[in-house]
Amino acid sequence: MNKNYGIAIWGDNNFIIKNSTVNINYKSEPSLLEITQNVREKGYKGPLLLRFPHLIKKQISTLYNEFNRAKKEFEYKGKFQAVFPLKVNQFPNFVNSLMEVSKEFNYGLEAGSKAELLIAITHTPIGAPITVNGFKDKEMISLCFIASQMGHNITLTIEGLGEIETIIEVNKEFNQGKEKIITPKIGVRIRLHSSGIGVWAKSGGYSSKFGLSSTELLEAYDLIKKHNLLQQFWMVHFHIGSQMSEIAPLKKALREAGNIYADLKNRGAFALNTVNIGGGLAVEYSQQKENKEVNYSLKEFANDVVFVMKEISKNKNIEEPDIFTESGRFIASSHSVLIAPVLELFSQDYHEKSLRLKEQNPPLITELNDLWISLNRSNAREYLHDALDHMESLLTLFDLGYIDLEDRSNTEILVNLIIKKSILLLNNEATKELKKLQNKIQERYLVNFSVFQSLPDFWGLQQHFPMMPIDKLDIKATNPATIWDITCDSDGEIPFDSNAPLYLHDVDVTKDEYFLAFFLTGAYQEVLGMKHNLFTHPTEVTIQFDEKNLYYIENLTESKNIMDVLDEINYDKNHIDTKLKNLIEESTIINKQEKRELQNRLNFYLSENSYLKTIQSNES
Ligand SMILES: *Cc1c(COP(=O)(O)O)cnc(C)c1O
């Protein structure tokens, strides 16, 4: 990995390294660093979430273009349609951009709860599809009827037989005695025996939470027919799980679903014309080619879907169905980048400047110092072994009381410096021994963000997210790095992993700002983010580009201030405010003037958000 942090593997040409910085590969190509500094100059010092609508647009148009290309290639007659599943990202600054950039595609939204349904009804253009999945009660089904009467193109995906009964009941309430009957369209979620692959594969398979079995499907068909709703029944739907790392399970599921579709059609479901293949299209998160997560391209994915549907249609003698997708991760993940400032490095004490060499040192220390000074490429391995050997002896001497704490500290520093330099010199020989040693010399970077809030899938599922510094990329980074977040929880850590090593720069953050960027955080992370330790969603901005190709900042939304955080978990803000005032007022150890000053200071702090600004005392 090193200098370019695997950007060619996960970056999808969205970013480029220019001189020392990572830049947006679009229009005037601003660097992440200049955007970050621009926002920080306005006074926002914590972690920062940058959103890039042009990357949402890129994903949506790539999806449509690839499917339309495949259709052409295979002379496929069905249409292609898509919706965005809101559970992947419901934040308004994302959804508004999504709808803005997708206007030309008749792109819609998928909802899985009442609140998401309200977003879908108010943000999808009339005519673009809305699909409603998940468990529904009568109220939720009624909301869908209301949407259909507004003119929305809305589909209820039936997850269980009970839902059909409710639809029939609600239909009576809305339409009985009316001349013109307006109802939502109906889809059916089928339970496949094919399941996906990986940690998110539970959405498919016989034991899946969702969908109708073959027996239930036949009953559902009869019910729909009996109540004259066949006219509305236009879609079968399946979803075999997110982040499908391999293509094989999809092909299997497609064959299964395609045959179910064809049989229902031949049975008499005359309005049926669409197969909804759900989501699951995977994203490459890896920074090393040995660790790649995805074994197919979007091109292959689209080809397979179109080809399998074409084949089944031919065999079963039916019209080629429209293809409908609900890909979320693929659309949203690349659009946001989290930038987090490094606050401190722990183990800077292993710096040359911390050495306390004496006039007269123990002979082994003098020798260590000589090794360090004369270390070069040809002797590195030998000297490294000598140094490790000396360290053992010196630590024993310390235990026996022959050398003092200063000698011991010199030992640690010198050996650390020797290991670091040897690894650098022996760069091309990544032996097991060297890999192991990296664990010994790793640096801990304290970073101003919360893993729980901003990378919950790393915390819960060890999902890797690409990370790299946004500056100094002209200098080779040599510190094996462990990332510590600012929560008081030992799980708030991204440990150094010798199979997927991260190297960062040796920096003095009291003199020089240093920022890390975490990429592909746009799918699932935001709403799954936990307020552990009461750290909330970071300050966010949307980055747009004007006609002159220059970038500008929109939708600046600051992280919640401390009082609002408490309010959100139902503390009484006024009560806390009054209590603080009283505590100052009633203090018997300060005078009136001091009380007034204290109150002013406190008011200022209460209006701030809860992330750290810096941990040095000389800055405000
Ligand atoms: C979660 C979900 C999706 C989105 O899956 P991705 O892997 O993010 O594309 C699509 N459809 C349904 C029914 C889902 O539950």
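Just so it is clear, the model here is predicted, and its values are computed rather than measured. Heavy atoms only: backbone and side chains are in, while hydrogens, waters and symmetry mates are out.
Each of E540, E100, E554 was evaluated against R51; a single residue qualifies, E540, per the salt bridge (charged side-chain N to carboxylate O under 4.0 Å, His left out) test. Shown are F465, F52, W10; of these, the ring pair (Phe, Tyr, Trp, His ring centres under 6.0 Å) with F519 is made only by W10. Tested against T131 for a side-chain hydrogen bond (donor to acceptor under 3.5 Å, both in side chains), the candidates E326, H237, K185 yield a single pass: E326. Exactly one residue among Y611, F518, F535 makes a ring pair (Phe, Tyr, Trp, His ring centres under 6.0 Å) with F449. That residue is F518.
The line from CG of L606 to CD1 of I576 is 9.5 Å long, rounded to the nearest 0.5 Å. Distance check, rounded to the nearest 0.5 Å: CG of D304 to NZ of K251 gives 4.5 Å. Interatomic distance, Q525 CD to L338 CG, rounded to the nearest 0.5 Å: 10.5 Å. Atom-to-atom distance recorded for I56:CD1 and S97:OG is 5.0 Å, nearest 0.5 angstrom. Of the inter-residue distances, the one linking L345 atom CG with L504 atom CG reads 8.0 Å to the nearest 0.5 angstrom.
Judged by distance alone, the side chains of N291 and Q288 do bring a donor and an acceptor atom under 3.5 Å apart. A side-chain N or O of N555 and one of T542 form a donor-acceptor pair less than 3.5 Å apart. Defined by atom type and a distance below 3.5 Å, a donor-acceptor pair is present between the side-chain atoms of H464 and Q287. In the model, E293 has a side-chain atom that pairs as donor or acceptor with a side-chain atom of Q463 under 3.5 Å. With no hydrogens or angles considered, no side-chain donor-acceptor pair links N479 and Q442 at under 3.5 Å. Side-chain N/O atoms of E526 and N89 include a donor and acceptor closer than 3.5 Å.
The side chain to side chain donor-acceptor pair (under 3.5 Å) test applied to K573 returns D564, not counting sequence neighbours. Under the rule for a side chain to side chain donor-acceptor pair (under 3.5 Å), S333 has no partner lying at least two apart in sequence or in another chain. Partners of D471 by salt bridge (charged side-chain N to carboxylate O under 4.0 Å, His left out), not counting sequence neighbours: none found. The salt bridge (charged side-chain N to carboxylate O under 4.0 Å, His left out) check on E493 picks up nothing, with sequence neighbours excluded.
A donor-acceptor pair under 3.5 Å is formed between the side chain of S113 and the backbone N or O of E116. A distance-only check finds a donor-acceptor pair linking the side chain of H505 to the backbone of K472 [under 3.5 Å]. Counting only distance, with no hydrogens or angles, the side chain of N25 and the backbone of N13 share a donor-acceptor pair below 3.5 Å. With hydrogens and angles disregarded, a donor-acceptor distance shorter than 3.5 Å links the side chain of D485 to the backbone of V451. Judged by distance alone, with hydrogens and angles left aside, the side-chain atoms of Q243 form a donor-acceptor pair with the main-chain N or O of V283 at under 3.5 Å.
Salt bridge annotation for E66-K299: absent, with no cationic side-chain nitrogen under 4.0 angstrom from a carboxylate oxygen. Ion pairing between D567 and K560 fails under the 4.0 Å rule for side-chain N and carboxylate O.
When the shell of 6.0 Å around OH of Y571 is examined, it contains 12 or fewer heavy atoms from other residues, nucleotides or ligands.
Among residues at least two apart or in separate chains, ring-ring contact (aromatic ring centres under 6.0 Å, His included) pairs with a member in residues 474-500 are F346-W484. For residues 117-127, the pairs satisfying side chain to side chain donor-acceptor pair (under 3.5 Å) are N96-H123, with sequence neighbours left out.
Within the 4.5 Å cutoff, the side chain of V294 has no heavy atoms near those of the M244 side chain. Within the 4.5 Å cutoff, no side-chain heavy atoms of T557 are placed close to those of T539. Residues R40 and E513 are in side-chain contact: their nearest non-hydrogen atoms beyond the backbone lie under 4.5 Å apart.
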Legend entry - Evaluation steps, side-chain contact (heavy atoms from CB on, under 4.5 Å), between T478 and D506: CA-CA 7 Å; T478 53; D506 218 353; 5.7 Å; no
Legend entry - Evaluation steps, salt bridge (Lys or Arg N to Asp or Glu O under 4.0 Å), between K27 and D546: CA-CA 9 Å; K27 302 272 171 117; D546 64 17; over 6 Å; no
Legend entry - Derivation and outcome, salt bridge (Lys or Arg N to Asp or Glu O under 4.0 Å), residues K87 and E110: CA-CA 8 Å; K87 75 162 190 287; E110 181 267 356; 5.8 Å; no
Inset, instruction - Give the C-alpha distance, both sets of side-chain angles, the deciding distance and a yes or no for side-chain contact (heavy atoms from CB on, under 4.5 Å) between N14 and S334. - result: CA-CA 8 Å; N14 294 337; S334 65; 3.9 Å; yes
Legend entry - Pair T325-N276, side-chain contact (heavy atoms from CB on, under 4.5 Å): steps then yes or no: CA-CA 6 Å; T325 78; N276 177 349; 5.7 Å; no
Inset, instruction - Using the salt bridge (Lys or Arg N to Asp or Glu O under 4.0 Å) rule, take K45 and E608 through it: C-alpha gap first, then chi angles, then the decisive distance, then the call. - result: CA-CA 10 Å; K45 297 282 165 135; E608 299 276 300; over 6 Å; no
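Taking the six-membered ring where the residue is Trp, Y551 and F545 present perpendicular rings, their angle passing 60° and hence far from 30°.
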